[in-house]
Amino acid sequence: HGPRHDHNQAFSRVRQAPQRLPRPHRIHRRRMATPLRGISSMATRQVLAELVAAYSQQSADPVHIESVGGVDAARRVQAGEAFDVVILASDAIDKLAASGHVRAGSKVDLVHSGVAVAVREGAPEPDLASEDAVRRAVLAARSLSYSTGPSGVALARLFERWGIAQEIAPRIVQPPPGVPVGTLVARGEVELGFQQLSELLHVPGITLAGPLPEPIQITTTFSGAVATAAAQPAAAQALLAFMASPQAAPAKRRQGMEPA
């Protein structure tokens, strides 16, 4: 287990009024002809959009980050598609480093992201106060859904450990590629949705019932690295340095994540 992260704090903080991100120091002045190109998983889409906007205020370097499913993103990097920067779950970055697709020593941990539970707006909210309460809520749900990413894999393991995996298997709705779990909940297609808080925050038509309790909280660390195929490795490293800096922390917290 990695360090504990207070997702209850993250959960309560995202309800606070947003503040403007402080103007960062100028890092990289040279104007580049082509944008810095990046790829990330969907979980970090909102926070990266905010951080890229802040970076653009202090750097002449244009940045374009495409957010897709994490498995798809890793596959495209492995296929040799030309990216400067790659932002994925930490273990996915480690695999890309081992296979030589991102530069050794360029990895930077950016955020810790926890899992929250959502129900359709107006539906009763389940008790999530303890591991046992969550288990009861899962057993009581007529349908449930969770992401296909690292948090979903960890949830499936949890259901196995509880000894309920076979019982609930017929009630699990797999989200189609590119469709967030929160959307299925909002449409009434599933009663109980589990996904990273950052991905549920901006979905209309749902109620956030809360984060998973600490004993079973699933924390995914997202990291960035410079692609081996990077056309602009120095600029990519400068972007990652900004994203890991203390001035990027408020944006991360606004998006339901904790700075790494």
Side-chain angles (χ1 to χ4, degrees), residues 5-18 41-47 67 69-70 111-220 253-258:
H5 308 288
D6 195 338
H7 295 287
N8 282 299
Q9 271 189 7
F11 191 73
S12 59
R13 257 199 308 270
V14 295
R15 297 172 183 273
Q16 294 169 8
S41 53
M42 292 302 289
T44 52
R45 182 171 59 97
Q46 296 278 0
V47 72
S67 295
V111 288
H112 302 299
S113 179
V115 170
V117 182
V119 294
R120 194 178 191 182
E121 203 169 16
E125 292 182 37
D127 175 11
L128 305 171
S130 66
E131 178 172 351
D132 199 46
V134 176
R135 186 177 181 274
R136 284 195 302 271
V138 169
L139 286 170
R142 284 172 296 189
S143 55
L144 62 146
S145 186
Y146 50 83
S147 85
T148 53
S151 60
V153 173
L155 266 174
R157 279 202 299 265
L158 178 66
F159 298 152
E160 288 279 357
R161 180 165 71 73
W162 284 347
I164 65 171
Q166 281 184 298
E167 183 181 344
I168 65 169
R171 295 184 249 150
I172 293 172
V173 178
Q174 187 88 15
V179 178
V181 169
T183 302
L184 299 182
V185 175
R187 289 178 191 158
E189 290 174 31
V190 295
E191 272 188 16
L192 208 57
F194 294 83
Q195 197 158 27
Q196 297 191 51
L197 174 58
S198 60
E199 290 190 77
L200 292 170
L201 273 181
H202 303 285
V203 179
I206 65 170
T207 299
L208 286 170
L212 287 176
E214 206 56 60
I216 56 166
Q217 178 54 264
I218 296 159
T219 301
T220 304
R253 294 195 169 106
R254 273 197 293 280
Q255 299 297 340
M257 296 175 160
E258 283 295 312

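Computed from a predicted model, the values in this text were never measured in an experiment.
Listed by first then second residue, pairs satisfying salt bridge (Lys or Arg N to Asp or Glu O under 4.0 Å) with a partner in residues 147-162 read Glu131-Arg161, not counting sequence neighbours.
Of all heavy-atom pairs spanning Asp127 and Ala137, the tightest one is O-CB, 4.4 Å. Taking every heavy atom of both residues into account, Leu208 and Ala116 meet most closely at CD2-CB, 4.5 Å. Taking every heavy atom of both residues into account, Gln195 and Ser147 meet most closely at NE2-CB, 3.7 Å. Ile216 and Leu158 get closest at one heavy-atom pair: CG2-CD1, 3.9 Å. Taking each heavy atom of Val181 and Gly193 in turn, the nearest pair found is CG1-CA, 3.6 Å. Shortest non-hydrogen contact noted between His112 and Thr219 is CB-CG2, 3.8 Å.
In this structure, Val134 and Pro213 have side chains that are in contact, with non-hydrogen atoms separated by less than 4.5 Å.
Between the CD1 atom in Ile172 and the CG atom in Leu192 there is a gap of 11.0 Å [rounded to 0.5 Å]. Atoms CD and OG, on Glu258 and Ser198 in that order, are 12.0 Å from each other to the nearest 0.5 Å. A distance of 4.0 Å separates CE in Met257 from OG in Ser113, rounded to the nearest 0.5 Å. Between atom CD of residue Glu214 and atom OG of residue Ser130 there is a gap of 13.5 Å, rounded to the nearest 0.5 Å. Taking CG of Leu155 as the start and OG of Ser145 as the end, the distance is 10.5 Å to the nearest 0.5 Å. To the nearest 0.5 Å, atoms CD1 (Ile164) and CZ (Arg136) are separated by 12.0 Å.
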### Task
Starting from the C-alpha separation in whole Å, work towards a yes-or-no answer on side-chain contact (heavy atoms from CB on, under 4.5 Å) for Tyr146 and Val115.
CA-CA 10 Å; Tyr146 50 83; Val115 170; over 6 Å; no

### Task
Start with the C-alpha gap between Leu144 and Phe159, add the side-chain angles, then the distance that decides, and say whether side-chain contact (heavy atoms from CB on, under 4.5 Å) holds.
CA-CA 12 Å; Leu144 62 146; Phe159 298 152; 4.0 Å; yes

### Task
For the pair Leu212 and Val117, evaluate side-chain contact (heavy atoms from CB on, under 4.5 Å) and give the outcome as yes or no after the intermediate values.
CA-CA 7 Å; Leu212 287 176; Val117 182; 3.9 Å; yes

### Task
Kindly indicate, with the supporting measurements, whether the criterion side-chain contact (heavy atoms from CB on, under 4.5 Å) is fulfilled by Thr207 and Glu121.
CA-CA 5 Å; Thr207 299; Glu121 203 169 16; 4.1 Å; yes

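Using a distance-only test at 3.5 Å, with no hydrogens or angles considered, a donor-acceptor pair links the side chain of Ser143 to the main chain of Glu191. With Arg120 contributing its side chain and Ala186 its backbone, the two residues share a donor-acceptor pair below 3.5 Å. Between the side chain of Gln46 and the backbone N or O of Glu199 there is no donor-acceptor pair closer than 3.5 Å. Distance alone, capped at 3.5 Å, is enough to place a donor-acceptor pair between the Arg171 side chain and the Ala141 backbone. Formation of a donor-acceptor pair under 3.5 Å by the Gln196 side chain with backbone atoms of Ala43 is not found in this model.
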